[in-house]
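Letters A, B, ... mirror the listed sequences (proteins, then strands); counts begin at 1.
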2 protein chains.
Amino acid sequence: MKVTVYEVARAAGVSVATVSRALNGGPVAPATRERVLAAARRLGYRPDRLAQGLATGRSRTVGVVIPDATGPLYGQMQRGLADVLTAAGFGYIATESRRDPGREAALLDEMLARKVEALVLVGSGLPVAALRARFSALPPLVLIEREGAAAGVPTYQIENEAAAYRATRALLGAGHTQVAHIKGLRRAGREREAGFLRALAEAGLKPAALAAGDFTEEGGYRAARALLARGGFTALFAASDRMALGVYRAAFEAGLRIPEDLSVVGFDDLAFAAYLTPPLSTLRQPAYELGRRAGEAVLSMLGGETPESAVLPCAYVARASVARKGGAV
Amino acid sequence: MKVTVYEVARAAGVSVATVSRALNGGPVAPATRERVLAAARRLGYRPDRLAQGLATGRSRTVGVVIPDATGPLYGQMQRGLADVLTAAGFGYIATESRRDPGREAALLDEMLARKVEALVLVGSGLPVAALRARFSALPPLVLIEREGAAAGVPTYQIENEAAAYRATRALLGAGHTQVAHIKGLRRAGREREAGFLRALAEAGLKPAALAAGDFTEEGGYRAARALLARGGFTALFAASDRMALGVYRAAFEAGLRIPEDLSVVGFDDLAFAAYLTPPLSTLRQPAYELGRRAGEAVLSMLGGETPESAVLPCAYVARASVARKGGAV
DNA sequence: CCTCCCTATGTAAGCGCTTACATTCCGAGG
DNA sequence: CCTCGGAATGTAAGCGCTTACATAGGGAGG
């Protein structure tokens, strides 16, 4: 039989109001509270979150929408989010939009129906203005890797441009003057490219070659093959580690050695990067931190504050895939 | 202002009961239903899941507990689960146990408080019997990669033993007679080892060497170094792709070529496997399928049926990391 | 010793929905 | 033409909890 506040009240010899207050830190005499807690424990009472939510209008749930759950860094981000949210007694429901606007809208609908108290939107998706237009009553919004600062929404992103700039500088610092780049998709891709270009421009250089990629191994491989066929560079900055892996393969097939013939830098610092041959120099994304910050932002917004947006730094991890300039390709 | 059934009822000129029935497929005259739906749409009515849950006792939510969200295959599994669950109008809340029994229990507590209608438990964790003992009223359980068939709980697992057996056979088929193995952790690790040993035993062979690993690159690297220092094998089966990557590194450092000097097989078929140099032969885990099957099991249990447990096959993916027997290490 | 006020507790009204039961209205069968 | 049964709809009672408001009981201040 289901244990409700009534059972607890009866067992403790008080009213349900007192039980509720005792359980939620309301004003109750210490002795009474003790009695109530004891009774609740003895009966194995477990408050019904649905009923609580209905009564208070607060579900203690936040909704998370991500474009692609299979992304390698998403797990860490989720962990950061979960760590702070669960510590605060919040649960969360996460879903994948698959970068489909219609699907994203449907997901949001469902989350609103579930009365989420805040929404964390990760990655590309409908612009904030469109969301506000489509959904009348939106809960507090927090964005990760998504445009929204303009709309006054707290946004947490990684430092793409500056990180790419630093990576490129590392290549230049090793004496390379002919450096190529394999671009990524979306805003992250554009920003990384911008940092790349800025570093070159500052050094009075032009990119030796540029190719479009899609963040995958296969995309990196194809792009690298095309680039290598034309040659003219001694270093290459790939916008993601996965693409850098494709570059390794293409270089191998072309009979090029890394880093002797070609220096390579990636982006993300996935688990495998440190174990490639040679270990890949790359930029470490603060994925966990991103989630943590977003979680804290949610909490502070719920507390009526207005958290600041932030751009988190990526650390450049120097490994053996970059060498001082050797022979040109 | 919040739109409730009452508003819709008034707008449609009917009672709330009729609204509810019209919305949920109850017995209502076609014309009336039309009128209600129109009113609901016009007002932008969105049923409150919390209230629905409270009233019906069914939350249309399932809880998912995984040991580690950062696992590379977890995203796919989650997708499989989500695909079938959302199609059926279910939401899900996912959380990480971090392999901590206390934490797992707390998570389950919270999920029960949220009135999940079913629980999907992934990977290692408290035994079913312990759960039943600790939690009085457990909803239907479905397990993935976790012990439970004995307790009559539908369980979905991948074929570890047989897959490892096939991988080992592939090595033997290539003429290798001295083959080493780097073990994994937990049940998956034990089963893979068992398959490995069975294949050897059937061929009248003994393992050339055995080392313990932990499924990580670093663990694989360490184990491979130790193994390589002693030598005596021409092929190696690593219980995970990540460990195989560590093997690649150790082999490189030892001046060994793969596959000329050493054939390697991994397990998982992570995205990077196909792009290593040489591409890694491995076993493809049906992660999405695992999630999908579990989702279907949840649905069928909720429908009063008793789904069958299943062990899903892994496909052996032959790539260039395995060659016919060359020189011994 | 009597108010007054504050504190501890109780009473009861919802929160938004579903659903058992009651009611109404018809057409069919006698 | 009356009655009966079923279909369509309405009424109202919860689901388990929180919380505004009411009540009771003291101690402090006069």
Side-chain angles (χ1 to χ4, degrees), chain A residues 1-37 39-40 43-61 89 91 109-110 112-117 137 139, chain B residues 1-37 39-40 43-61 89 91 109-110 112-117 137 139:
Chain A
M1 154 78 205
K2 169 135 271 327
V3 188
T4 72
V5 274
Y6 289 91
E7 274 72 71
V8 178
R10 183 140 32 79
V14 297
S15 73
V16 293
T18 300
V19 171
S20 176
R21 283 189 282 254
L23 260 25
N24 301 306
V28 178
T32 312
R33 156 162 297 132
E34 221 29 75
R35 205 144 33 88
V36 171
L37 293 182
L43 268 45
Y45 171 73
R46 201 192 317 271
D48 182 324
R49 298 289 182 213
L50 268 48
Q52 279 186 315
L54 181 56
T56 59
R58 282 171 290 114
S59 63
R60 303 202 71 75
T61 302
D109 243 338
E110 185 59 27
L112 294 183
R114 286 173 187 272
K115 297 274 173 294
V116 296
E117 294 189 51
Chain B
M1 157 72 206
K2 168 137 274 324
V3 189
T4 73
V5 274
Y6 289 91
E7 273 72 73
V8 177
R10 182 139 33 77
V14 297
S15 74
V16 294
T18 300
V19 171
S20 176
R21 282 190 282 254
L23 259 25
N24 301 307
V28 178
T32 312
R33 158 163 294 132
E34 221 28 77
R35 204 143 35 87
V36 172
L37 294 181
L43 297 174
Y45 171 73
R46 201 192 319 271
D48 182 323
R49 300 288 181 212
L50 268 49
Q52 279 186 317
L54 181 55
T56 60
R58 282 171 289 114
S59 63
R60 303 201 73 74
T61 302
D109 242 338
E110 185 58 29
L112 294 184
R114 287 172 188 271
K115 295 275 173 294
V116 296
E117 294 188 52

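Thr61(B) and Arg49(B) form no side-chain donor-acceptor contact under 3.5 Å, judged by distance and modelled atom types alone.
We find that CZ of Arg35(A) is positioned 14 Å from P of dA8(C), with the value rounded to whole Å.
Phosphate contact (OP1/OP2 of dG10(D), side-chain N/O of Thr18(B), threshold under 4.0 Å): present. Taking only side-chain nitrogens and oxygens, Thr32(A) never comes nearer than 4.0 Å to OP1 or OP2 of dA8(C). Side-chain nitrogen and oxygen atoms of Tyr45(B) include at least one within less than 4.0 Å of the OP1 or OP2 phosphate oxygen of dC17(C). Distances shorter than 4.0 Å separate none of the side-chain N or O atoms of Thr4(A) from OP1 or OP2 on dG16(D). The side chain of Gln52(B) contributes no N or O atom lying less than 4.0 Å from OP1 or OP2 of dG16(C). Taking 4.0 angstrom as the limit, Ser15(A) places a side-chain polar atom (N or O) nearer than this to OP1 or OP2 of dG10(C).
Comparing dG10(D), dC15(D), dC17(D) by their nearest atom to the side chain of Ala55(A) picks out dC17(D). The Arg21(B) side chain lies nearest to dT9(D) when the options are dT9(D), dG16(C), dT9(C). Closest to the side chain of Ser20(B), out of dT19(C), dG16(C), dC17(D), is dT19(C). Among the nucleotides dG16(D), dT18(D), dT19(C), the one closest to the side chain of Thr56(B) is dT19(C).
If you find the closest nucleotide of DNA chain D to Arg58(A) and to Val16(B), the one lying nearer the 5' end belongs to Val16(B). Checking Tyr6(B) against Val14(A), the closest nucleotide of DNA chain C that is more toward the 5' end is the one next to Val14(A).
Two residues are said to be in side-chain contact when any heavy atoms from C-beta on lie closer than 4.5 Å; Val36(A) and Val28(A) fail this criterion. Pro139(A) is not listed as a side-chain neighbour of Glu117(A), based on a closest heavy-atom distance of 4.5 Å or more. In this structure, the side chains of Leu23(A) and Tyr45(A) come closer than 4.5 Å at one or more pairs of heavy atoms.
Judged by distance alone with a 3.5 Å cut-off, no donor-acceptor contact links the side chain of Arg49(A) to the base of dG16(D).
Counting non-hydrogen atoms under 4.0 angstrom, Ala29(A) reaches the backbone sugars and phosphates but no base.
We find the OG1-CZ distance between Thr4(A) and Arg10(A) to be 8.0 Å, quoted to the nearest 0.5 Å.
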